[in-house]
Amino acid sequence: MRKELIVATSLTVTIIVLAYVITLGSGLGPLFNGIRPLAEVYLRTTLNPSQPSFTAMSPEGVTAIVWDYRGLDTLFETAVFYLAIIGAIAIYRGVSEKVRLNGAGVGLSMIVKVVTKVLIPINIAIATSIALHGHLTPGGGFQAGAAMAVIPMILIIAFSRYLLLDLKISKEVALAFRSIGLAGIALTAFVPILIGLLSGVNAYIMQNQLKADASFSLPAYLGDALVSGSLILYNISEYLAVTFGFSMIFLLLSIEEDIVKEQMRGDGVEH
Amino acid sequence: MDLTYLLLAVVMVFALIATYLAIVERNLVRAVVYSAVQSIAFTLALYLFRAPDIALVYLPITVGIYPAAILFLIKKTEEVEQP
Amino acid sequence: MYDYILITIGGFLLVVGALCDLIAAIGMNRFPNFFVRLHAATVGTIGGAFYPLIGAALIAFGSEFLGNYRWFVGGASIVAAFLVLILAPAGSHALARAAHKSKTAIVHPKVVDHLEEDGGVK
């Protein structure tokens, strides 16, 4: 205990001294407070209608970089995440998730259930607003999906996983919605090239606004609202995919393994 | 500006203490809680760094989803780490 | 005039919140078992977070120099206060119930335990 105390105290003192030297003492030279040249390029082009071949028509620089300027990177990141989910499905193959003992799934007390019911509409509203405002304010598809994925988790904890099954959100339904989201991402990436092929203009995969040698561009405004072309479509698709991907993970993790194993070894349970 | 950095230092000290406790703790459930405390401190730090996008994704993942997944795994294995 | 009243009430609520936090800290140190310490912690979370958030909202409403932003600040404070008001009791209730049900926390200096008298948690 004494040794741990010494370690913790010395580390704390080191951090405080370092912070003091860096910030107030300015012992390590002045801090860099300007804007770097690369950042300046992005800041000048994210929402700039006077440069139509460079802009992403989105006031939120991070979303513009993530889904427009560096869209392919994000596509592969997304692919890594969904490969992990496919691994989880492969591990749980053949496990019947609908085995249910009598009296299972009581959940927590009435108070917690009521509070959960009050919270869920708030959570859905916040997550949807993060997704739909992803091209205007900080946020985006993955953030919204992560916020939304908390709902199945608190439903599993406060009620039980059988509530989700009663609400018809089984593994297969979640898989279907996740696939719809992924298909939305792929479709948004290929829409410019399809339209380009049909109408004979030059277009690129994952193109958002028009480029120097490709005059095709997705609509930046829907009525009076700024939708930033492909960014809102990517955000909504990613929102669907992440939400139901995480839901599926929780549905699989919350399977009561010992009961299911017993049922599977026992007589005649289809699996 | 200096106040921001000072707050950042305090937050990071909290994160450091929580990390240390999470490493030395033998009860894995408590270690997960310490890890969540460290994540809250990191979220504040990210917000102070003016990266609200990362803070928005960091908070639900590291306080909600990641501890839940780890707790499910701990329930399926053993709660106390053997020396 | 209204600003002055709003800011005074808000400041008073901030002081009440600070007092609640102090009482909660004393209780956390001095109470004998888990359940009464949980009660002290709940005094800290509800009294020490709900009242100051309402106070901050009133102060924001009374600050003319913030312009229209005072409605954002105050509204966010009130929403956060509402969430704390419903979440903290539910959380501590679930915690206490789980601790009682799993018998991890012993009710040692016991005056009355209605949950046990009713034949355990249903």
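Order of the sequence lines fixes the chain letters, A, B, ..., with proteins taken first and strands second; residue numbering starts at 1 for each chain.
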| query | For atom CZ of A:F177, is the number of surrounding heavy atoms from other residues, nucleotides or ligands below 6.0 Å larger than 12? | reply | no
| said: If you define the side chain from C-beta out and look only at heavy atoms, does anything of A:L119 sit under 4.5 Å from C:L87? | reply: yes
| message | Run C:V79 and A:I122 through side-chain contact (heavy atoms from CB on, under 4.5 Å) and show every step you take. | response | CA-CA 10 Å; C:V79 169; A:I122 304 175; over 6 Å; no
| field | Closest heavy-atom pair and its distance - A:V115, C:A90 | value | CG2-CB, 3.7 Å
| query | If you count the non-hydrogen atoms of other residues, nucleotides and ligands that lie under 6.0 Å from CG in A:L167, is the total more than 12? | reply | yes
| Does some side-chain heavy atom of C:R97 sit less than 4.5 Å from a side-chain heavy atom of A:L108? | no
| query | Where does A:V118 contact chain C at under 4.5 Å (heavy atoms): side chain, backbone, both or neither? | reply | side chain
| task | Taking atom CZ of C:F35 as the centre, report whether more than 12 heavy atoms of other residues, nucleotides or ligands fall under 6.0 Å from it. | result | yes
